Every structure is written in structure tokens, then in C-alpha cells.
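Structure, as C-alpha cells:
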Amino acid sequence: MSTLTDLLNLNLSDSTDKIIAEYIWIGGSGMDLRSKAKTLPGLVADPVKLPKWNYDGSSTGQAPGEDSEVILYPQAIFKDPFRRGNNILVMCDAYTPAGEPIPTNKRFDAAKIFSHPDVVAEEPWYGIEQEYTLLRKDVKWPLGWPVGGYPGPQGPYYCGVGADKAFGRDIVDSHYKACLYAGINISGINGEVMPGQWEFQVGPAVGISSGDQVWVARYILERITEIAGVVLSFDPKPIQGDWNGAGAHTNYSTKSMRNNGGIDVIKKAIEKLGLRHKEHIAAYGEGNERRLTGRHETADINTFSWGVANRGASIRVGRDTEKDGKGYFEDRRPASNMDPYVVTSMIAETTILWKP
């Protein structure tokens with residue numbers, strides 16, 4: 001008699017050419033990920049060749065009940081680390097039946113910016129440091145913390161090792177390997193300053209693919225925490241008080257910045273970001289004012305600043321970039337719940353296209 005595990009691990013390629021495609025999209029809150037599965041007659045490698053699909057937008061806060069159909073357009077394909085074999089994950093964006101992007105479709109405008117000839121020529125690279133917090137399902141309190149109480153103060157937990165310092169490493173490592181299997185350019189993981197908080201990095205990725213990869217990495221993490229019975233939080237300040245918040249530091253460079261003399265291009269880009277500080281803050285995630293206080297390795301939300309190796313600044317330039325005279329910089333303002341389509345495209349728009 002087969003067990004559930006046996007059935008879940010069935011290799012479909014032994015008996016059929018058909019595959020399962022898990023279509024993924026972003027729900028009405030802008031942070032809730034949704035997905036459903038579709039059987040396809042065979043392997044598909046190009047998202048353009050995948051069929052469009054639809055869903056009930058009235059159940060996701062994206063359409064009224066009397067006109068509820070929302071259409072999914074496949075945009076990026078990844079290998080499925082859960083079903084494995086030839087099965088795939090498909091990142092989609094959402095449109096009305098008439099072909100108009102729905103209001104919560106942030107990918108559409110981002111793709112327009114990334115397809116602009118001036119942006120294409122600069123080949124923008126992104127590396128996004130996604131922080132998150134693991135919470136106990138029953139009490140919504142960080143993993144490893146005493147229920148209703150607090151652990152020892154911050155200090156030993158950042159990149160810490162040991163049962164009293166690292167909580168949830170099995171989830172983190174499972175996610176790391178699953179992302180690599182899926183084809184996401186995940187470049188590392190580490191334990192964060194607050195216990196129960198972790199980080200993964202995605203990149204370098206070029207243009208719109210950065211947003212696609214971060215969203216699918218988030219989806220995979222949601223699925224893994226679902227299996228583990230743990231709640232995943234992207235709240236930028238999950239615990240008030242003397243505890244670090246959670247961000248999504250965004251590392252960025254253009255071809256001109258990576259070439260000799262690029263430090264001057266970097267400084268001009270930072271100057272432009274400073275001129276649009278309020279607009280960027282408004283788009284960098286909800287609740288960010290609870291995180292950007294000027295404490296816990298952040299700059300104050302109302303003040304723009306930059307510095308070399310300064311983790312208390314809005315923008316940090318690395319020592320190697322300063323020494324080499326070229327490279328990249330890090331925008332430390334985005335919150336952990338930011339939309340990577342919005343943040344990456346806005347940085348490109350401000351630094352490449354915008355003329356003050």
C-alpha cells in the first residue's frame with residue numbers, strides 16, 4: 001500500500017509526457033501570493049508558449065463579484081522543487097479580459113521601464129537582500145523566543161551557530177537548495193541580528209528578472225514554511241523595542257558604474273536618488289516608518305544620506321567600490337515587504353531616465 005509520501009514523490013515521467021504547471025500570481029494586498037495548478041500536454045520552456053489562464057478576482061480583492069474574471073499572463077518559468085521532474089512554476093501577472101493590467105499588476109509598468117532603450121543599454125544589475133522573520137504558528141511569536149517573553153539581547157544571533165542562537169535553519173537551508181534547484185540565482189543566506197530572523201540574497205539579476213526571481217523565491221519560502229507549520233512574516237518591524245527590523249536592501253549597478261570611472265556615475269545617481277527621496281520612501285514598503293528610525297542600522301526615514309561602508313546611511317557605497325573607482329551601491333531604505341518590481345524599476349527610472 002502506497003503512503004502519502006510515496007504518492008507525492010511519484011515520478012510522472014515514468015508514465016506520461018504530461019506535466020504540472022503551478023501558476024503563481026500576486027493577490028490584492030500586494031503581498032499575498034496565490035497559485036493553482038494546471039496540467040499541460042508536455043514540457044514547455046518558453047513562457048510565451050504557455051496558455052493564459054484565469055481566476056476569480058473577487059476572491060482575491062482584485063475584481064468585483066459581477067465581473068470577477070482576471071486573466072493570468074505567464075511571464076517566467078522555473079523548475080518546481082516540490083513536484084520535481086519536468087514540472088514547473090510559472091510566475092504570472094494579471095490583466096482584465098480586455099487586456100488591461102489590473103491596478104495591482106506592478107510588473108507591467110516595471111517591464112516598460114526595463115524595455116526602454118536607455119535602460120537596456122545600461123544593463124542594470126540588482127542584488128536584493130530579503131530579510132524575513134519566522135513565527136510560531138500558534139502564538140505568532142518569533143521562532144526560538146520564550147512564549148510571551150524575550151530572549152537575551154541582540155549580539156550572538158547574527159550569523160550565529162547553536163541551538164540557543166539559530167532558530168529555523170532547516171527551513172532556511174531547504175529554501176536555499178530549493179531556489180537553486182528552481183533556477184533562481186540565490187547567492188547566499190545568513191542568520192540576522194534579531195533571533196528568528198533570516199536573510200536570503202537574490203542576484204545579480206538583470207532588469208525585470210530580478211523581480212520575477214525574488215517573488216518566486218518568496219513563494220518557495222511560503223510553501224516550505226507551510227510544510228513546516230511555521231508562519232512567514234515580511235513585516236518591517238515585527239517586534240517593537242530594541243530589536244532590528246527587516247529590510248530588503250537593494251544593491252544596484254549599471255554598465256557605466258561597472259566601467260572605469262564609474263564612481264562618478266554612482267555619485268550622480270545617488271544625488272538624483274536624494275532629490276526623489278520622498279517619492280522612493282512612499283514606494284518602498286508599508287510600515288517602513290517603524291523600521292527607519294535612525295537606529296538598528298537604519299537612517300531616519302525623513303533624512304537622506306549616503307556614505308562609504310556606513311550602515312546607518314540611506315545609501316551605502318562599499319569600500320571596494322571606493323578603492324576601485326567603480327562598482328555598485330546599496331539602497332538600504334526598502335522594507336522587507338517592498339514589491340521588487342516597483343523598487344528595481346523605480347531605481348532604474350530615477351538614475352537612468354529621470355532628468356532633474
Side-chain angles (χ1 to χ4, degrees), residues 25-34 61 93 103-110 113 126-135 140 142 192-194 196-203 205 208 210-219 221-222 231-240 243-252 273-274 276-306 311-316 329-351:
W25 71 96
I26 302 159
S29 75
M31 273 303 291
D32 57 315
L33 283 160
R34 311 283 180 130
D93 59 354
T104 53
N105 180 353
K106 305 304 182 186
R107 191 186 190 281
F108 180 81
D109 286 337
I113 291 169
Y126 298 90
I128 295 178
E129 305 170 29
Q130 176 68 71
E131 295 178 341
Y132 60 92
T133 308
L134 298 174
L135 306 177
K140 302 289 177 66
E192 268 303 330
V193 178
M194 188 184 89
Q197 194 176 85
W198 295 81
E199 173 184 300
F200 65 88
Q201 303 95 33
V202 172
I208 196 72
S210 177
D212 289 337
Q213 290 187 52
V214 170
W215 273 117
V216 175
R218 286 174 171 177
Y219 172 82
L221 184 55
E222 285 271 22
V231 174
L232 172 63
S233 172
F234 290 113
D235 190 293
K237 186 73 173 179
I239 304 294
Q240 295 303 307
W243 305 98
N244 275 36
H249 302 155
T250 301
N251 299 276
Y252 170 71
L273 287 169
R276 296 191 74 197
H277 177 62
K278 287 185 178 179
E279 292 89 338
H280 278 256
I281 287 294
Y284 274 15
E286 289 187 22
N288 213 8
E289 72 283 352
R290 292 183 282 118
R291 168 180 163 262
L292 296 180
T293 61
R295 299 182 63 219
H296 304 112
E297 301 181 71
T298 70
D300 181 82
I301 194 168
N302 297 309
T303 306
F304 182 84
S305 60
W306 75 277
R311 283 179 161 76
S314 309
I315 305 289
R316 180 184 67 86
F329 64 83
E330 175 192 44
D331 191 339
R332 297 180 59 81
R333 297 171 295 173
S336 51
N337 60 359
M338 63 81 155
D339 187 326
Y341 293 136
V342 173
V343 169
T344 56
S345 61
M346 193 173 194
I347 292 173
E349 182 184 34
T350 295
T351 60

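On a predicted model such as this, the values are computed, not experimentally measured, just so you know.
In this structure, CG on Leu134 lies 8.5 Å from CH2 on Trp198, to the nearest 0.5 angstrom. If you take CH2 on Trp25 and OH on Tyr219, they are separated by 9.5 Å, rounding to the nearest 0.5 Å. Atom CZ in Arg291 sits 11.0 Å away from atom OH in Tyr284 (nearest 0.5 Å).
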**Message:** Assess the residue pair Thr104 and Ile26 against the criterion (side-chain contact (heavy atoms from CB on, under 4.5 Å)); give the C-alpha distance rounded to whole Å, side-chain angles, the decisive distance to 0.1 Å, and a yes or no.
**Reply:** CA-CA 8 Å; Thr104 53; Ile26 302 159; over 6 Å; no
**Request:** For the pair Asn244 and Glu297, evaluate side chain to side chain donor-acceptor pair (under 3.5 Å) and give the outcome as yes or no after the intermediate values.
**Result:** CA-CA 8 Å; Asn244 275 36; Glu297 301 181 71; 3.2 Å; yes
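The pair Arg107-Asp212 counts as a salt bridge, with a side-chain nitrogen and a carboxylate oxygen less than 4.0 angstrom apart. Residues Asp235 and Arg290 are paired through a salt bridge, judged by an N-O separation under 4.0 Å between the basic side chain and the carboxylate.
With sequence neighbours left out, the side chain to side chain contact (heavy atoms under 4.5 Å, CB included) criterion links Arg276 to Glu279, His280, Met346, Glu349, Thr350, Trp354.
Side-chain contact between Pro142 and Ile239: present, with at least one pair of heavy atoms (C-beta onward) separated by less than 4.5 Å. In this structure the side chain of Ile128 reaches within 4.5 angstrom of the side chain of Thr344, judged on heavy atoms. A heavy-atom distance below 4.5 Å is found between the side chains of Met31 and Phe234. No side-chain heavy atom of Val193 sits under 4.5 Å from any side-chain heavy atom of Gln197. Considering only heavy atoms from C-beta on, Tyr341 stays 4.5 Å or farther from Phe108 through its side chain. Between Thr293 and Thr298 there is a side-chain heavy-atom pair separated by less than 4.5 Å. Leu292 places a side-chain heavy atom less than 4.5 Å from the side chain of Ile281. Contact of the Ile315 side chain with the Phe304 side chain is registered, since non-hydrogen atoms from C-beta on lie closer than 4.5 Å.
Contact record, Ser336 with Gln130: O-NE2, 3.0 Å, taken as the closest heavy-atom pair. Gly285 and Ala335 get closest at one heavy-atom pair: CA-CB, 4.2 Å. Heavy-atom minimum distance, Thr250 versus Val343: OG1-CG1, 3.8 Å. The minimum heavy-atom distance between Glu131 and Gly247, with the atom names listed, is OE1-N, 2.7 Å. When all heavy atoms of Tyr252 and Thr351 are compared, the pair lying nearest together is OH-OG1, 2.7 Å. Heavy-atom minimum distance, Ser305 versus Gly312: OG-O, 4.3 Å.
Counting only residues at least two apart or in different chains, salt bridge (charged side-chain N to carboxylate O under 4.0 Å, His left out) contacts with residues 329-341 comprise Arg316-Glu330, Glu330-Arg332, Asp331-Arg333.
Remark: the backbone N or O of Val342 is paired with a side-chain donor or acceptor of Ser345 at under 3.5 angstrom. A donor-acceptor pair is defined here as one N or O able to donate and one able to accept, closer than 3.5 Å; such a pair exists between the side chain of Lys237 and the backbone of Trp243. A donor-acceptor pair under 3.5 Å links the side-chain atoms of Asp32 to the main chain of Ser29, judged by distance alone.
Glu129 and Asn251 share a donor-acceptor pair across their side chains, judged by distance under 3.5 Å alone.
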